[in-house]
Structures are given as C-alpha cells and as structure tokens.
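Written below as structure tokens is the structure these notes are about.
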Amino acid sequence: MSEDKQDGARSAALLYHEFPKPGKLEIRATKPLANGRDLARAYSPGVAEACLEIKADPSNAARYTSRGNLVAVVSNGTAVLGLGNIGALASKPVMEGKAVLFKTFANIDCFDIELNEPDPVKLAEIVCALEPTFGAVNLEDIKAPDCFIVEQICRERMNIPVFHDDQHGTAIVVGAAATNALRVTGKRFEDIKIVSTGGGAAGIACLNMLLKLGVKRENIWLCDIHGLVHEGREIDMNPQKAAYAQKTDLRTLDEVIDGADLFLGLSGPGVLKPEMVARMAPRPIVFALANPMPEILPDEVRSVAPDAIIATGRSDFPNQVNNVLCFPFIFRGALDVGATEINDAMQIACIEGIAALARATTSAEAAAAYAGEQLTFGADYLIPKPFDRRLIGVVASAVAKAAMDSGVATRPLDDIEAYRERLNQSVFKSALIMRPVFEAARNAERRIVFAEGEDERVLRAAQAISEETTDKPILIGRPEVIESRIERAGLTLKAGVDFDLVNPENDPRYRDYWQSYHSIMARRGVTPDLARAIMRTNTTAIGAVMVQRGEADSLICGTFGQYLWHLKYVNQILGRDGLRPVGALSLIIADTGPLFIADTQIHPEPTPEQIAETVRGCARHIRRFGIAPQVALCSGSQFGNLDSGSGRRMRAALEILDGMGLDFTYEGEMPVDVALDGDLRARLLPESRMEGAANALVFASTDAAGAARNILKMRAGGLEVGPILMGMGNRAHIVTPSITPRGLLNIAALAGTPVSTYS
C-alpha cells in the first residue's frame with residue numbers, strides 16, 4: 001500500500017472512531033422512563049420487588065435483569081492482535097469492537113472491561129468477582145501463558161461460561177476449516193501429519209482441538225521461534241508446549257516439514273518457504289494465519305503446489321479464518337440455555353455447524369456482502385463468510401442442544417427447532433411478519449415469472465425459492481448469460497430442473513407471444529412489426545403476455561428502470577376484466593414494528609375515489625400478514641382544521657368509505673404524528689374510532705408517501721417488503737431498483753398466494 005493510501009486509511013479509521021460521537025458503543029434504556037409512574041417502577045420503590053425475587057431465587061436474575069444476555073469482554077491489553085503488549089487503555093478500541101460484533105451478529109449486549117493488572121492470578125480474581133453482573137465472560141488479548149492461568153482459575157471458580165476467544169474461538173474456526181479441507185482432499189484426521197508454528201495460546205488451543213477431532217498426538221510437530229519442541233528442551237517451555245514434545249534429533253521447521261499434510265501457522269510472516277511447501281504431502285493444506293502478514297502468501301504456495309488448499313487470517317484472500325464465525329453464536333447458544341460452561345461438546349457442535357453450513361449453498365445476504373466472490377464449497381470456500389446470516393440459527397442451536405445433552409444447561413429449551421426458527425427470525429427482520437405469507441404460499445401452486453432473469457439478485461431469489469419452496473420460477477433472459485452468472489455467483493441452479501427459461505432472442509413461442517400482444521394492442525397504435533420488436537426486447541411485456549396467456553400466474557419486474565415504465569406494459573396487457581392499478585403499498589419493518597405506506601407510485605395526486613380504493617386495497621393486503629388493519633388517512637390537516645387540497649380530498653374519501661360499511665378500522669384526516677400516537681389522537685379527538693397507533697398510512701400524494709417510505713428505509717433502518725401492486729389481482733408486482741434478493745423472495749411469496757384468500 002502506498003504511503004498516501006496508508007495515511008488515508010489511518011485518517012478514515014480515526015474519523016470513524018471519533019464521529020459522530022467518540023467510540024463504538026452506547027447504552028440505551030429498554031423500558032420507558034417518561035413519567036413518575038415509570039420512575040417508581042424502574043427505581044424506588046418498584047425495583048425492590050425484583051431485588052427480593054432474585055434474593056429468593058438467584059435464577060430469577062435472568063427474568064428481571066439483563067444479566068442473561070450480558071457478556072463481559074475482558075482484557076489487560078498484554079497481547080493485542082498485531083500490536084502486542086499495548087496496555088489496557090490502548091486496547092479499549094479493540095474491546096469495544098468486540099462488543100459491537102457480539103451485538104451485530106448475535107444481539108448480545110456487552111460491557112468491555114479493560115484492567116490494569118498484569119498478574120494473572122490477580123486478574124482472574126477480579127474477573128471472578130464480576131460474576132453477579134454477567135451471564136458469561138469473554139477473555140481477550142491476554143498473553144500466553146498467563147491466559148491459561150486466568151482461564152483455568154475462572155472456569156474453576158465461576159458458574160457461568162468463561163471463554164478465551166483467542167484460544168478456543170480460533171481453534172473452533174480452524175477445526176471447521178480443517179474438517180472441510182480434509183473432505184476436499186479426501187484425507188482423514190487420524191491419518192494426517194501436522195506441522196505447526198506458534199506455541200502461544202491460539203496455537204496450543206488449535207492443536208488441542210485437532211486432537212479431539214481425531215489427530216494422533218505423535219503426528220503433531222510443534223515449532224516456535226526456538227525451533228522444534230522436543231523432549232529435553234529447556235528454553236521457553238511450559239506445560240502446554242511440553243505436551244507436544246517429540247522424541248527426535250530433528251530441530252527445525254525445515255527438517256520436519258517433509259510429508260506434512262497440514263501446515264498450521266500462528267506465528268509470523270515469512271516462516272514457511274515455498275521450497276518447504278514443495279516437500280509437503282500431495283495436495284497440501286496450508287493454514288497461514290499470522291496477521292497482518294501470513295507465514296507464506298497464497299501465490300507462493302501455488303507456485304510450487306497449484307492444488308494446495310490455503311487459508312489465511314486476512315479478508316482479501318479466500319478462506320479467512322475469522323473468530324467472528326464462532327464467538328457470537330457459541331455465546332448465544334450458551335446464554336439462551338443458561339449454560340454453566342462452554343465445554344468440549346459445545347465447541348465440537350460449533351465446529352460441525354460451521355463446517356456443514358459452508359457445504360450448503362451460500363445465502364443471498366452473504367453474497368450481497370461479498371459481491372464478486374464465488375461462494376461455492378470447495379478449495380476456495382471451506383468456511384462461511386462472517387455475514388452469512390444463517391450462522392446464528394445453525395451454530396447457536398447446535399451449541400444449545402450440545403449444552404443440554406451434556407448436562408450443563410440450567411434453562412433447557414423445550415423445542416430446539418422452534419428456538420432455531422426464532423434465531424432466524426431475529427436475523428431476517430421480515431421473517432416473523434412474513435411467516436403467514438410463506439405458509440400460505442406453501443399451500444398454493446403458482447408459477448412466478450421474473451422479467452429480469454439475468455439479474456444476479458433474481459438468480460439468488462430463484463435459488464432461495466428452489467430451496468425453500470416447491471415452486472419452479474420462470475426466468476426471462478439469454479441462456480448463456482444466465483448460465484455464466486449462475487456459475488460466477490456460485491449457485492446450484494439448473495435450467496429445466498430448478499427453473500424454466502424463456503429466451504427472448506430465440507423462443508419457440510415467440511410468434512404466439514407477438515400475436516397475442518398485437519391482438520390486445522392492434523387498435524391502440526401497435527403494428528405487427530412493432531409487436532414483434534417489443535416481444536424481442538421488452539422482457540416486462542413478455543412476462544405480462546405469459547400471465548395473460550395463462551402460462552404464468554404472476555409477473556415480477558422492475559429491478560431496473562422507472563416504475564411507471566413497467567406499469568405501462570403491465571396495465572396495457574393485464575389491465576382488463578375489472579383489474580386496474582389502484583396503488584402501490586410498501587411494508588416497512590422497523591424496530592418499533594411493521595408500518596404500511598401507500599400510495600408510493602401510482603396516482604401522483606389521487607382523487608377521493610382513488611384514495612378510498614387505496615384504503616380498501618391496503619386493508620385487504622394487510623390481512624395477508626395476519627394483521628388487523630388500522631388505516632390512517634394522512635394530511636397536513638387535522639380533523640378539518642385546514643381547508644387544504646389534501647385535507648378536502650381526505651375528508652371526501654372518508655365520507656366514501658363511511659358509506660361502504662367496511663369491517664376494518666380507518667380514520668382521518670390527520671398528520672402522521674397523530675396517526676402514530678394514540679394518546680395524542682385521543683386528546684385531539686376523544687371520539688376517534690381508532691385506538692392506539694395506526695399500522696397503515698395512506699397519503700394524499702405519491703410524493704409524500706414516497707418520502708415517508710424512503711426516510712424510514714434510509715435513515716431509520718427500516719426493511720421494505722414491496723412495493724405491492726394493488727388492484728391487479730396479484731397478477732403482477734413491480735419492485736424498485738433498490739430491491740434485495742431477500743426482498744425479491746418476499747415479493748415472490750406474496751405473488752405466490754392469491755389475494756382473494758384474504759378478501
């Protein structure tokens with residue numbers, strides 16, 4: 001990296017840590033504290049009730065406090081990765097970062113605790129004294145051999161999990177990578193020879209784990225800065241190293257590397273030379289895990305062993321051995337069953353879960369985070385990527401089950417599969433609210449055609465459909481383009497097996513399609529030549545014709561281009577027999593719950609009649625999610641206090657709705673804050689027909705609805721499901737270019753279920 005780039009990276013990192021407020025963590029209240037009643041419950045006198053319950057039964061701490069979801073990240077800063085002994089205070093950014101990872105990946109709350117205590121026994125005593133505060137302890141960046149002493153004392157004295165991530169986290173991820181590397185090469189743990197460099201905490205822990213996986217102790221050759229660990233050596237020895245001492249006259253890495261199946265490096269840069277790799281066993285496995293520079297670079301390995309299996313600790317090479325694959329999820333499982341420790345069974349369950357996940361098809365979320373990489377199980381994809389959101393469900397549930405089976409769970413779960421599903425729901429924010437839709441879709445057989453079949457997001461959605469449902473989607477696109485993009489994305493889709501294909505350049509149905517389109521449009525200015533051209537180039541029109549002809553049940557389009565352009569062809573071809581676009585409805589899932597917004601696309605300034613139709617359409621679709629509609633007609637006017645255009649139209653729409661005898665709750669006209677604050681609305685209009693917050697906001701213009709939708713998405717972290725095209729009988733849905741693969745899967749599930757089911 002050039003000096004300018006290094007300076008830029010340094011500046012960016014410092015700005016990241018300083019602004020908009022210093023650090024990476026803050027504390028937020030989980031209960032309201034808005035009035036005297038709340039204060040009396042949160043503190044004196046109400047807090048005494050929780051204290052007495054815990055005094056009577058200490059296990060109640062998990063019911064009445066955050067302890068059951070709280071981890072201490074503890075360090076004395078004596079062995080910070082890549083920086084060495086920088087001290088407790090300087091290690092704080094690292095520990096804050098670790099806490100952020102816990103929260104981001106597993107929704108575990110953390111306090112980072114940096115201690116000025118170099119003595120391992122005293123350090124352990126301090127940590128033990130913290131037990132009443134925490135549900136588990138993560139030891140971090142403590143030098144060897146002190147870390148062994150600290151962990152041993154803490155594990156013996158504490159009745160909560162204590163986990164030194166530098167040891168066991170690294171060992172677990174190495175174990176998963178080694179499991180799959182041996183599967184790729186056709187080798188077995190009990191047969192392989194391992195040569196390892198690095199006798200620190202991580203290196204020893206990895207070797208101990210490999211023994212548990214089946215490696216024979218006599219087949220492990222451990223080297224450090226002083227050479228081979230051998231019987232009789234006195235320099236820089238400790239009991240952990242001595243356990244791997246070999247009885248031999250060999251003394252150096254160069255002398256013991258011959259015939260090695262696996263090199264495990266946790267030492268420093270340049271330790272392993274290409275000529276050493278050349279003398280390893282056929283198809284060698286090289287785990288060069290030193291950071292930031294590995295023991296040997298991948299290109300150097302391949303120069304002498306092109307078929308080698310290589311892993312590093314860096315994110316810019318394949319197979320990054322990263323502890324974040326492990327520690328959030330092993331703690332999640334341990335905390336959720338109240339485990340008293342993290343034992344061998346739980347660690348091996350973690351290994352097996354990580355390894356199995358890599359052998360499954362990669363998820364759309366992981367692919368989005370790692371665009372351009374091929375994520376298909378094999379030599380360059382031994383372990384999942386950290387942003388594979390399936391990790392929490394697979395790994396944490398495996399760990400929880402192992403804790404229960406091994407007898408260390410104090411709060412065992414009744415249903416491990418239900419627990420796994422809850423974990424998945426915690427990751428995909430749309431999962432819980434989308435469940436009724438997906439369940440209904442499973443009971444309906446509908447053919448969904450995707451107009452932009454060449455788009456990678458569509459391909460990933462098609463992969464998910466093939467894995468999660470029995471449906472076979474239809475993709476419109478050029479076969480060679482789709483095939484190459486499937487391969488590039490590392491997907492397992494096969495045309496004719498997992499999806500049907502329509503080739504716009506050469507399809508036997510082409511004549512039927514252009515003639516069908518011409519018959520619809522002949523008296524609307526479309527000539528046969530124009531119809532032929534459109535059916536060669538316009539995939540939205542092709543998909544709509546397929547639906548019109550009964551060859552598909554629903555069309556999904558809009559991953560690129562302007563919404564109204566797609567709507568033009570959808571309405572031309574499918575807008576008949578009482579079907580017409582009524583409005584576009586977006587579901588925004590935020591931390592505070594679901595909120596539906598309409599009309600975001602169709603009518604720039606709708607008439608009262610169009611507003612009333614939109615309200616009815618909203619109610620119909622909201623019920624598809626198992627939710628009782630509470631629709632607010634939104635305007636700047638508040639129950640008649642302004643004679644504005646939007647206020648007049650909303651009041652007129654309310655009169656139309658009142659004359660329909662509808663069976664759902666609606667109210668208007670009102671500003672958004674009044675719609676979302678039931679107490680405020682009750683003060684302003686005590687006889688309001690709506691109680692509590694509205695769950696649907698219908699606006700008087702697409703500008704207002706679209707602005708609300710985009711603000712909630714971009715600034716409030718809301719997840720969008722939709723847009724849902726109302727009024728077209730579920731025969732077409734037009735998404736927007738910001739749609740994700742998961743969003744396409746959600747809209748496909750909606751398209752896969754007849755709307756009439758919910759009328």
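Just so you know, these numbers use all the heavy atoms, side chains as well, and skip hydrogens, waters and symmetry mates.
Applying the side chain to side chain donor-acceptor pair (under 3.5 Å) test to pairs two or more places apart or on separate chains, none has a residue in residues 281-291. Among residue pairs with one or both ends in residues 208-231, none qualify as ring pair (Phe, Tyr, Trp, His ring centres under 6.0 Å); sequence neighbours excluded. Residue pairs meeting the ring pair (Phe, Tyr, Trp, His ring centres under 6.0 Å) criterion with at least one partner in residues 256-301, sequence neighbours excluded, are absent.
Without hydrogens or angle criteria, Asn503 side chain to Pro479 main chain gives no donor-acceptor distance under 3.5 Å.
Using a 4.5 Å heavy-atom cutoff, the side chains of Leu423 and Phe329 are not in contact.
Residues meeting the side chain to side chain contact (heavy atoms under 4.5 Å, CB included) test with Ala290, sequence neighbours left out: Glu295. Residues satisfying the side chain to side chain donor-acceptor pair (under 3.5 Å) criterion with Asp249, sequence neighbours excluded, are absent altogether. Not counting sequence neighbours, the partners of Phe163 by the ring-ring contact (aromatic ring centres under 6.0 Å, His included) test are His168, Phe331. For Thr492, the side chain to side chain contact (heavy atoms under 4.5 Å, CB included) criterion is met by Thr361, Gln463, not counting sequence neighbours. Judged as a side chain to side chain donor-acceptor pair (under 3.5 Å), and not counting sequence neighbours, the contacts of Arg188 are Glu190, Asp191. Glu452 pairs by the side chain to side chain donor-acceptor pair (under 3.5 Å) definition with Thr559, not counting sequence neighbours. Legend: residues meeting side chain to side chain contact (heavy atoms under 4.5 Å, CB included) with Val80, ordered by chain and number and at least two apart, are Leu83, Ile86, Ser91, Val94, Asp141. Applying the side chain to side chain donor-acceptor pair (under 3.5 Å) criterion to Asn85, with sequence neighbours excluded, gives no partner residue.
A side-chain donor-acceptor contact under 3.5 Å links Arg359 and Asn180. A donor and an acceptor atom, one from each side chain of Asn138 and Asp165, are nowhere located under 3.5 Å apart.
The ring of Phe327 has its center closer than 6.0 angstrom to the ring center of Phe102.
Here the CE-OG1 distance, from Met276 to Thr252, works out to 7.0 Å after rounding to the nearest 0.5 Å. Rounding to the nearest 0.5 Å places CD of Glu151 at 6.5 Å from CG of Leu139. Distance check, rounded to the nearest 0.5 Å: CD of Glu483 to CG of Leu491 gives 12.5 Å.
Under a 4.0 Å N-O distance rule, the pair Glu114/Lys92 qualifies as a salt bridge.
The neighbour count for Lys212 NZ, taken as heavy atoms of other residues, nucleotides or ligands under 6.0 Å away, is above 12. For Lys143, the NZ atom is loosely surrounded, since the number of other residues' heavy atoms within 6.0 Å does not exceed 12.
Geometric assessment of Lys494 against the ring of Phe499 yields a negative cation-pi assignment under the 6.0 Å and 45° thresholds.
What you find for Ala358 and Phe377 is that their closest heavy atoms are O-CB, 3.4 Å.
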Check residues 194-206 and write down every donor-acceptor pair under 3.5 Å in which the side-chain atom is one partner and the other belongs to a residue at least two apart or another chain.
| from | atom 1 | to | atom 2 | distance (Å) |
| --- | --- | --- | --- | --- |
| Ser196 | OG | Leu264 | O | 3.2 |
| Thr197 | OG1 | Ser267 | OG | 2.8 |

